[in-house]
2 protein chains.
Amino acid sequence: MPQKRVTSLDVAKRAGVSRTTVSFVLNKTSHQQISPETVLRVQQAAEELGYVPDESARALVSRRAQSIGLIFSRPTVRISSDIFLNQVVVGLLDVVHANQMRLLLDVVEDLDEKNTYVNLVKSRRVDGIILNGPRFDEQALDYLAENDFPTVIMGSLPQSHFCSVDVDNVAAARTAVEHLIHLGHRQIACITNAQAPFTAAIHRLTGYRQALENAGLPYSADQVRFGNFDPQSGYTQMKSLLAGPVRPTAVFVASDVVAYGAISAIHEHGLSIPGDIALVGFDDVPMSNFISPSLTTIRLPATELAVKAGELLLDLIQGKPQEPCQVLLPTELIIRQSCGGKPS
Amino acid sequence: MPQKRVTSLDVAKRAGVSRTTVSFVLNKTSHQQISPETVLRVQQAAEELGYVPDESARALVSRRAQSIGLIFSRPTVRISSDIFLNQVVVGLLDVVHANQMRLLLDVVEDLDEKNTYVNLVKSRRVDGIILNGPRFDEQALDYLAENDFPTVIMGSLPQSHFCSVDVDNVAAARTAVEHLIHLGHRQIACITNAQAPFTAAIHRLTGYRQALENAGLPYSADQVRFGNFDPQSGYTQMKSLLAGPVRPTAVFVASDVVAYGAISAIHEHGLSIPGDIALVGFDDVPMSNFISPSLTTIRLPATELAVKAGELLLDLIQGKPQEPCQVLLPTELIIRQSCGGKPS
DNA sequence: TTGAAAGCGTTACCAG
DNA sequence: CTGGTAACGCTTTCAA
């Protein structure tokens with residue numbers, strides 16, 4: 001007989017009070033004044049019995065699931081090598097812990113209408129949702145918007161009125177490419193972090209283009225490739241770039257992890273970094289300081305973004321008026337060895 | 001007025017039937033025979049109204065939370081750079097999706113008694129638990145054992161009777177070190193993947209020791225360091241190893257990510273890999289094929305482990321008799337460049 | 001074949 | 001200050 005449940009009634013009996021009183025004590029419902037000794041008796045009884053309230057029952061009546069959903073908007077395969085996500089989880093875990101809540105994790109695959117986060121919302125399993133890495137074609141969000149369900153976007157979705165937390169991807173990418181330009185590079189290629197539907201990919205690409213154009217350099221689609229979250233895609237796209245008619249002297253890879261693959265392809269081609277080709281990444285994931293060559297990159301405050309998103313969401317859930325709702329956190333160019341800006 | 005909830009009663013009214021019928025239709029309770037046209041009418045009504053049952057209510061009465069908990073037994077900081085976890089999440093997500101369940105993520109920090117998974121269990125938030133990376137001092141598990149709550153350990157916990165899914169860490173580590181020995185190395189150091197309380201760390205260390213002893217080589221604690229899940233620890237411990245009196249010609253690093261740090265330290269010391277020092281890792285995370293030098297390592301079937309763990313857990317939850325409950329999956333030595341076993 | 005009614009364990013209102 | 005009692009939305013037994 002597993003799970004001999006302890007209910008609030010058991011606690012009540014043991015403490016010689018009613019269920020109501022137990023509830024008041026355990027929830028610190030201070031409206032009602034309860035004698036200190038009763039409080040103690042109840043607490044003791046609860047302690048002895050190892051009583052923990054049933055969350056389903058509590059959720060049913062309080063209309064609070066006491067948990068939030070973290071949704072990754074991408075196929076599961078694209079999660080396997082994206083270390084960036086770990087930092088998001090860590091940040092969110094901290095926030096939910098601080099608020100006695102729980103974290104539910106899910107994924108929405110390409111345009112998968114069946115298993116969307118809308119179900120999560122409608123079934124009241126979560127009190128709010130954080131959508132990570134939105135795509136332009138995000139459609140299920142409309143429902144959330146109409147019902148103004150507590151939602152925070154991690155990333156940017158133009159023309160949406162959701163609360164969001166992000167960095168200025170355009171500016172950050174521009175900074176990365178400008179660094180390359182200042183170093184004297186003129187033939188600069190770009191491998192994005194993800195496919196086109198992902199907003200961050202387009203924004204970083206835009207930054208790349210702006211930097212080129214500001215410097216009077218031509219932008220050519222021939223020098224652009226789309227990565228796909230993992231090193232393999234970086235490897236493949238870099239190969240493709242190297243097979244082209246003009247070899248770039250520098251590459252801006254809009255994701256560190258994708259850059260690892262690009263580095264491998266460059267080495268395999270017998271070229272050196274930064275000697276033959278300079279490289280700037282994006283994200284500054286924990287390994288980037290340790291690989292060879294160490295990667296010059298844009299630091300993204302991943303955990304802070306997550307924490308901010310979590311806090312914003314909790315405010316939303318608690319109905320706190322939250323107006324300046326599009327938060328941008330700063331990025332930073334971290335100069336290491338991969339573009340020769342620093343002694344090797 | 002956010003969230004104008006649609007209840008089963010609304011559906012019933014619209015379909016011109018009772019709540020009972022709605023429930024029967026939607027849950028395919030085939031015990032009762034319902035006329036096909038009624039079924040259709042109900043389904044249509046539910047569809048039109050966008051009805052999704054309230055999970056709290058359902059959980060309360062059915063005593064099923066329809067979700068499982070994935071618990072990482074380590075401080076959150078130790079999650080940030082462990083890409084291995086992503087694969088676990090991916091595998092589990094697949095399993096829960098296939099079973100209309102959800103995945104709840106949590107962490108238990110060092111000996112943190114307050115916020116343990118026991119609460120998760122007692123509050124009925126999850127129907128079962130997967131504990132990833134157990135420590136020897138895991139104490140909260142006792143409660144689960146006593147109440148035989150559905151639990152699967154990812155990793156090994158000696159003397160426990162829980163279902164578990166793991167690889168043979170001892171044998172795998174032995175294989176890795178034997179590879180080094182066959183290559184002619186005699187002075188082989190070891191950096192573990194984690195601190196001593198983590199069972200996997202000790203098991204891999206044991207494999208290292210066995211390989212040495214089988215080959216008649218002396219085991220010396222001087223040649224052993226404890227990593228801590230991240231590249232930084234690998235870097236630090238490798239520095240410490242290099243500062244010692246005897247320089248190893250090979251190092252077995254029981255985690256790829258930790259190995260990245262070790263590689264960096266070796267390079268910084270002006271030594272080459274595999275020329276001066278050969279390296280074998282453990283895990284075969286997605287980047288290891290792309291870094292320089294590419295890492296010879298033990299492939300751990302991470303996703304498969306997770307899937308197996310998830311399936312085992314679901315069987316347990318559904319009360320299916322599950323006797324051969326300690327599953328070991330095979331590992332494989334992947335030879336790349338970091339120990340010179342393969343042309344560079 | 002369908003419907004009425006009784007809970008599931010909690011919170012919260014309203015008397016005592 | 002404390003204790004009945006009515007919800008919360010669903011499933012399920014039992015009648016009709």
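Throughout, protein chains are lettered first and strands after them, A, B, ... in sequence-line order, and every chain is numbered starting at 1.
To the nearest 0.5 Å, the span separating CE on Met101(B) from CD1 on Ile317(B) amounts to 4.5 Å. Rounded to the nearest 0.5 angstrom, Asn86(A) CG and Arg78(B) CZ are separated by 13.5 Å.
Rounded to whole angstrom, the span from the CZ atom of Arg124(A) across to the P atom of dG9(D) amounts to 7 Å. Rounded to a whole Å, the CG atom of Asp54(A) is 6 Å from the C1' atom of dG9(C).
The only member of Asp10(B), Val42(B), Leu26(B) that meets side-chain contact (heavy atoms from CB on, under 4.5 Å) when paired with Tyr51(B) is Leu26(B).
By the ring-ring contact (aromatic ring centres under 6.0 Å, His included) test, Phe198(B) is found to be paired with Phe229(B), residues two or more places apart in sequence or in another chain being considered.
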Inset, instruction - Could you walk me through whether Glu55(B) and Arg124(A) pass salt bridge (charged side-chain N to carboxylate O under 4.0 Å, His left out), step by step? - result: CA-CA 6 Å; Glu55(B) 276 304 326; Arg124(A) 275 189 201 290; over 6 Å; no

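Among the atoms of the strands shown, none is found under 4.0 Å from any heavy atom of Ser56(B). The residue Ser35(A) sits close only to the backbone: its heavy atoms come under 4.0 Å of sugar-phosphate atoms, none of a base.
Tyr51(B) has no side-chain polar atom (N or O) that falls below the 4.0 Å cut-off from OP1 or OP2 of dG9(D). Taking only side-chain nitrogens and oxygens, Ser18(B) never comes nearer than 4.0 Å to OP1 or OP2 of dA4(C).
A cation-pi arrangement is found for Lys122(B) relative to Tyr143(B), the charged atom lying closer than 6.0 Å to the ring centre and inside a 45° cone about the ring normal.
Each end of the helix from dT1(C)-dA16(D) to dG16(C)-dC1(D) gets its own axis, taken as the rotation carrying the C1' atoms of four end pairs onto the next four within a five-pair window, and the two axes meet at 40° to the nearest 10 degrees.
Along DNA chain C, the nucleotide closest to Gly16(B) and the one closest to Val52(A) are compared, and the more 5′ of them pairs with Gly16(B).
Looking at heavy atoms from C-beta onward, Phe72(B) lies in side-chain contact with Ile79(B) at the 4.5 angstrom threshold.
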Nucleotide N/O to protein N/O under 3.5 Å, stretch nucleotides 5-8 of chain D:
unit_1 : atom_1 : unit_2   : atom_2 : d
dC8(D) : O3'    : Arg63(A) : NH2    : 3.3

